[in-house]
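Note on naming: letters A, B, ... go to the chains in the order of the sequence lines (proteins, then strands), and numbering restarts at 1 for each one. Just so you know, these numbers use all the heavy atoms, side chains as well, and skip hydrogens, waters and symmetry mates. Being a predicted model, the structure only gives us computed values, none of them experimental.
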Protein chains: 2
Amino acid sequence: MNNNNTTLQKILDEGLHLIQKHGYNGFSYANIAESIGIKKASIHYYFPTKQELVQAVLQRYNKDFLNDLAQIDQKFKDPVDKLKSFFQLYRSALDNSSKLCLCTMMAAEITSFPEEIRTDVNRFFHDNEKWIENVLLQKKSADSSVNPDRIADQSRLVLAIAQGAQLLGRSSGELEQYDSIVNHFLANL
Amino acid sequence: MNNNNTTLQKILDEGLHLIQKHGYNGFSYANIAESIGIKKASIHYYFPTKQELVQAVLQRYNKDFLNDLAQIDQKFKDPVDKLKSFFQLYRSALDNSSKLCLCTMMAAEITSFPEEIRTDVNRFFHDNEKWIENVLLQKKSADSSVNPDRIADQSRLVLAIAQGAQLLGRSSGELEQYDSIVNHFLANL
DNA sequence: GTCTATAAGATGATAGAC
DNA sequence: GTCTATCATCTTATAGAC
């Protein structure tokens with residue numbers, strides 16, 4: 001049928017969850033093993049090293065996230081609705097077990113990774129920025145208040161807000177902090 | 001004369017540096033010992049547990065940071081200049097050895113800490129917000145474009161931008177990313 | 001105060017039986 | 001594929017000599 005319940009998928013799911021919760025340096029093979037009811041050695045069968053595991057988790061996450069953004073494009077026409085959905089996407093990690101975006105967490109721990117993985121983290125941010133730029137360009141067509149020269153900067157600002165608000169919202173344990181920051185920004189857009 | 005070069009101070013300095021660079025879960029007593037040329041056991045003399053160490057590092061950092069904000073207040077009268085200096089303060093961590101704000105890093109690792117330490121992290125953010133609110137209130141007096149009801153939200157937005165931009169700037173290794181985000185925000189203020 | 005020595009446990013990782 | 005057993009290393013932490 002589907003392959004969502006294979007050991008491989010369970011390892012990737014639990015690995016993702018643990019990194020989003022506690023960070024790369026904050027989880028171990030033992031944690032995954034206990035959570036999904038297998039032994040540590042079984043994880044090494046799929047991912048000989050921890051870095052290979054985190055890389056697989058990251059690449060799947062990036063692919064899924066880009067897919068989510070593509071679905072937003074399909075679902076909404078209004079660029080402001082798209083932006084709201086973007087912030088909603090970042091909110092969903094927080095809402096679901098107080099997790100951070102995987103790449104927000106990995107950005108904090110960036111010194112722990114080799115260049116290859118750092119590149120994938122930054123690719124995630126770059127892809128986010130490009131998607132936002134497109135949305136802002138659509139907004140520009142409908143609204144002359146957008147300065148065309150500054151769209152790249154505005155796009156990075158949007159991304160920085162999503163990440164900073166997520167970090168503050170989770171630390172305080174108050175989801176409303178995330179909402180108030182995002183809503184304030186959207187209201188003054 | 002001064003007590004800036006005591007073993008205690010060296011431990012706090014190096015501890016702060018390592019956490020800002022690699023995170024709480026990314027450094028060990030062995031790292032500090034090697035860096036400042038003492039043995040691990042000597043660190044335990046001052047700080048029996050790692051949590052006592054991080055708490056001391058955090059409390060000193062918070063005090064120093066509040067002091068920096070007070071100095072900005074003394075140095076500048078114009079609220080926009082104060083805001084620029086605030087962002088400059090967050091920039092200085094990045095500029096100096098690619099470090100994150102201690103509390104940005106600790107917010108990412110917040111699940112690793114007991115309630116007592118979480119409170120101190122959130123106090124840092126709260127104090128930042130209060131300081132920014134005051135600056136925005138000064139701006140309001142001079143500029144009717146500030147909505148008085150939304151100052152708390154605007155204040156959190158400013159803080160979220162500083163943190164998000166710092167995270168993005170360090171991850172990419174491009175200080176200009178931090179600058180472009182902050183400058184874009186300030187230009188549209 | 002700083003050291004040596006050492007404990008007790010966790011960690012990432014491997015070999016080899018089933 | 002999954003397990004048991006084991007490894008070398010690192011981790012936080014303590015006891016006790018100097």
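Side-chain contact between A/Phe124 and A/Leu58 is absent, with no heavy atoms from C-beta onward closer than 4.5 Å. Counting only heavy atoms from C-beta outward, the side chains of B/Asn62 and B/Cys103 approach each other to under 4.5 Å. Side-chain atoms of B/Leu83 and B/Ile132, non-hydrogen and from C-beta on, do get closer than 4.5 Å to each other.
Within residues 28-35 of chain A, the residues having any heavy atom under 4.0 Å from DNA chain C are, by residue number, A/Ser28, A/Tyr29, A/Ala30. For the segment residues 14-23 of chain B, no residue has any heavy atom less than 4.0 angstrom from an atom of DNA chain C. The stretch residues 43-52 of chain B comes close to DNA chain C through B/Tyr45, B/Tyr46, each having a heavy atom under 4.0 Å from the strand.
Taking the six-membered ring where tryptophan is involved, the planes of B/Phe86 and B/Tyr90 are tilted, since the angle between them lies from 30° to 60°.
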Where do N or O atoms of nucleotides 3-6 of chain C meet protein N or O atoms at under 3.5 Å, pair by pair?
| residue | atom | partner | partner atom | Å |
| --- | --- | --- | --- | --- |
| C/dC3 | OP2 | B/Lys39 | N | 2.8 |
| C/dC3 | OP2 | B/Ser42 | OG | 2.6 |

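By the salt bridge (charged side-chain N to carboxylate O under 4.0 Å, His left out) test, A/Asp95 pairs with A/Arg91, sequence neighbours left out. Partners of B/Glu14 according to the salt bridge (charged side-chain N to carboxylate O under 4.0 Å, His left out) rule, which considers only residues two or more places apart in sequence or in another chain, do not exist here. For the side-chain contact (heavy atoms from CB on, under 4.5 Å) test, residues two or more places apart in sequence or in another chain that qualify with A/Tyr46 are A/Thr7, A/Leu8, A/Ile11. With sequence neighbours excluded, the residues satisfying side-chain contact (heavy atoms from CB on, under 4.5 Å) with B/Ala30 are B/Ser28, B/Lys40. A/Arg170 meets the salt bridge (charged side-chain N to carboxylate O under 4.0 Å, His left out) test with no other residue; sequence neighbours excluded. B/Leu66 is linked by a side-chain contact (heavy atoms from CB on, under 4.5 Å) to B/Leu69, B/Asp127, counting only residues two or more places apart in sequence or in another chain.
For B/Lys21, the NZ atom counts as densely surrounded, since its 6.0 Å shell holds more than 12 non-hydrogen atoms of other residues, nucleotides or ligands.
Bending across the helix from C/dG1-D/dC18 to C/dC18-D/dG1, expressed as the angle between its end axes from five pairs apiece, amounts to 0° (10° rounding).
Distance NZ (B/Lys10) to C1' (C/dG1): 13 Å, rounded to an integer number of Å.
Applying the side chain to side chain donor-acceptor pair (under 3.5 Å) definition to pairs two or more places apart or across chains, those involving residues 49-58 of chain A are A/Thr49-A/Glu52, A/Gln55-A/Glu116.
Between A/Arg60 and A/Asp13, at least one side-chain N (NZ, or NE/NH1/NH2) sits under 4.0 Å from a carboxylate O, which counts as a salt bridge.
Side-chain nitrogen and oxygen atoms of B/Thr7 include none within less than 4.0 Å of the OP1 or OP2 phosphate oxygen of C/dG1.
Distance NE2/A/His184 to CG/A/Leu186: 10.5 Å, rounded to 0.5 Å.
Side-chain N/O atoms of A/Ser172 and B/Asn122 include no donor and acceptor closer than 3.5 Å.
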